[in-house]
Protein chains: 2
Amino acid sequence: MSPRPRRSAQIPHLQAAIQETAWAQIAEFGAAALSLRAVARALHITAPAIYNYFPSRDDLVTALIVDAFSSLADSQQAALSRLSAASPQEQLVALGMDYRQWALRYPQRYQLIFGTPIPHYHAPEDVTNPAASRALLSLMQVIQRLYTIQNPPRPHLAPMTPALEAMLTAWQSAGLPLEREVIYLAVVIWSRVHGLVQLEIGRQFPPHITDPGEVFQREIRSMLIQYSLNGE
Amino acid sequence: MSPRPRRSAQIPHLQAAIQETAWAQIAEFGAAALSLRAVARALHITAPAIYNYFPSRDDLVTALIVDAFSSLADSQQAALSRLSAASPQEQLVALGMDYRQWALRYPQRYQLIFGTPIPHYHAPEDVTNPAASRALLSLMQVIQRLYTIQNPPRPHLAPMTPALEAMLTAWQSAGLPLEREVIYLAVVIWSRVHGLVQLEIGRQFPPHITDPGEVFQREIRSMLIQYSLNGE
DNA sequence: AGGAATAATAAACGCTGTATATTTATTATA
DNA sequence: TATAATAAATATACAGCGTTTATTATTCCT
């Protein structure tokens, strides 16, 4: 093959092909084991050719992180669309289930975005933070809808501290158009879902919990009760 | 230096020194970036010398994992000992705080044991599972104590399913001398604490949550209420 | 005392990300 | 249309990695 191949011999959409091949490698070996040379080998090119599209391995990783957040956000959005006529409680449960299903389907993607950072990789936060917040959007929307329909006292929640209130207020002031309590609930519900899911895909549950999905289901339903989101 | 140095020129307790040096490397670069050659360089030996003590890099990693679980378990036990005269509610809160403090102090250890698995590493579960369960022991003990003092209805918890009950029963039959509900509460409280802590050390909280410790505090106190563990 | 076992090194292998120089094809410009 | 510039690819090289093998010197055991 000549150094610059004729157009007819070039791989069409090579940038996308590199990303797809990277995903296949990550799915098999994990994100930290992503090898530019393995990606190049699979595409029958040499590793330096990848630098025409991604200035460094970090840039490829960043693109993959944005991909993963988008994929999760899209999945959450689709789950919500399928249940647009359902009650917000059902929607909340469905979002939780969808989140877990997405993680179980793409465990390595999940670990890439929420797991241990890859050694020596530095995320450009101006790029990754917006993608990350998009993944939380559907959850926030559903909780805001619940809040709008009914905002009962939440006696099973410890009091909000002034420091916490200040943080949530600052977030509002930065443009998040939601009630403070909604923001808080979204964050803690997400942390709970995340905790369960991450322990599950990481095989961290003790051996006798053979079906962590059962724990997940009970916890999701318990969250509705514990945060007074179940309309009672 | 001659290939086999005299005893006087050998590094005493070299195995322990390798582990300590590995911890230092991990603390700086993360566990997945652990390099036998870097460890060897720091100790002024060559990398193959490490194979006298650890048959492979995996074996060193396994030893470090067991170290980390032990360190966490010891920290939890010490926290409990310091508050042996306190109420079990206070003990539970203290355990949660101690867990988070330990993770904040040793984030890379936390990621090693509960984060994304290291590429190509295979944990010997007969070795790592007992160490992992030891880290949960103090939490289980405190919840069992709470359960023994008072076992009120828990209306904010969704019903336990037969499948979940079967798993917990099997765990009991395997030798865990605790009530099923205690086991369940320990697992879910741990998952919640883990979720918050892992998001915190992974810098995953949205940017406006500048002090995740505030979220943690409110959630710990809310757990006492939500699982009817606060004596009311 | 002699042989076996052990603790270390040197050298080698096959892998990694990245940089550099070169080649060829395509595009832009005069 | 011809030339210069640009772009897409390769070959080569460098410095790093975990691991293996052979070798050497020291210690231990009989």
Kindly point out which of [options] is positioned nearest to the side chain of [X]?
X: B:Leu36; options: C:dA8, D:dT19, C:dT18; answer: D:dT19
X: B:Gln10; options: C:dT18, C:dA8, D:dT27; answer: C:dA8
X: A:Pro3; options: D:dT12, D:dT21, D:dA8; answer: D:dA8
X: B:Thr46; options: C:dT26, C:dA10, C:dT16; answer: C:dA10
X: B:Arg4; options: D:dA25, D:dC17, C:dT9; answer: D:dA25
X: B:Pro48; options: C:dA25, D:dT20, D:dA9; answer: D:dT20
X: B:Arg7; options: C:dG17, C:dT24, D:dT27; answer: D:dT27

Return no unless some side-chain N or O of [X] is found under 4.0 Å from OP1 or OP2 of [N].
X: B:Ser35; N: D:dG18; answer: yes
X: A:Tyr51; N: C:dT18; answer: yes
X: A:Arg41; N: C:dT16; answer: yes

Any base atoms under 4.0 Å from A:Leu43, or only sugar-phosphate, or nothing? Heavy atoms, all strands.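 Here A:Leu43 touches no strand at all.
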
Looking across every strand, which nucleic acid part, if any, lies under 4.0 Å from A:Tyr53 by heavy atom: base, sugar-phosphate, or nothing?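 Result for A:Tyr53 = sugar-phosphate.
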
Presence of salt bridge, B:Asp74 and B:Arg134, under 4.0 angstrom: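 Yes, this pair counts.
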
Using heavy atoms to find the nearest nucleotide of DNA chain D for B:Asp58 and A:Asn52 separately, return the residue whose nucleotide is more 5′.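 The residue mapped nearer the 5' terminus is A:Asn52.
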
Between B:Asp59 and B:Ser56, is a side-chain hydrogen bond (donor to acceptor under 3.5 Å, both in side chains) present by the stated rule, with each step listed? CA-CA 5 Å; B:Asp59 294 283; B:Ser56 71; 2.7 Å; yes

Difference in axis direction between the ends of the helix from C:dA1-D:dT30 to C:dA30-D:dT1, five pairs, 10°: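 The angle separating the two end axes equals 0°.
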
Strictly under 6.0 Å, is that where the ring centroids of A:His13 and A:Tyr53 end up?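 Aromatic pair excluded; centres sit 6.0 Å or further apart.
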
Got a list of side-chain donor-acceptor pairs under 3.5 Å for residues 202-214 of chain B, not counting sequence neighbours?
unit_1: B:Gln204; atom_1: NE2; unit_2: A:Ile113; atom_2: O; d: 2.8
unit_1: B:Asp211; atom_1: OD1; unit_2: B:Gly213; atom_2: N; d: 3.1
unit_1: B:Glu214; atom_1: OE1; unit_2: A:Thr161; atom_2: OG1; d: 2.5

B:Glu125 CD: over 12 foreign heavy atoms closer than 6.0 Å: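 No, the 6.0 Å shell around CD holds no more than 12 heavy atoms from other groups.
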
Residue pair B:Trp190 / B:Tyr99, side-chain donor-acceptor N/O under 3.5 Å: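 Side-chain D/A pair, B:Trp190 to B:Tyr99: present.
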
Does the pair A:Ile26 and A:Arg109 meet the rule for a side-chain contact (heavy atoms from CB on, under 4.5 Å), with working shown? CA-CA 8 Å; A:Ile26 285 170; A:Arg109 290 186 195 190; 5.7 Å; no

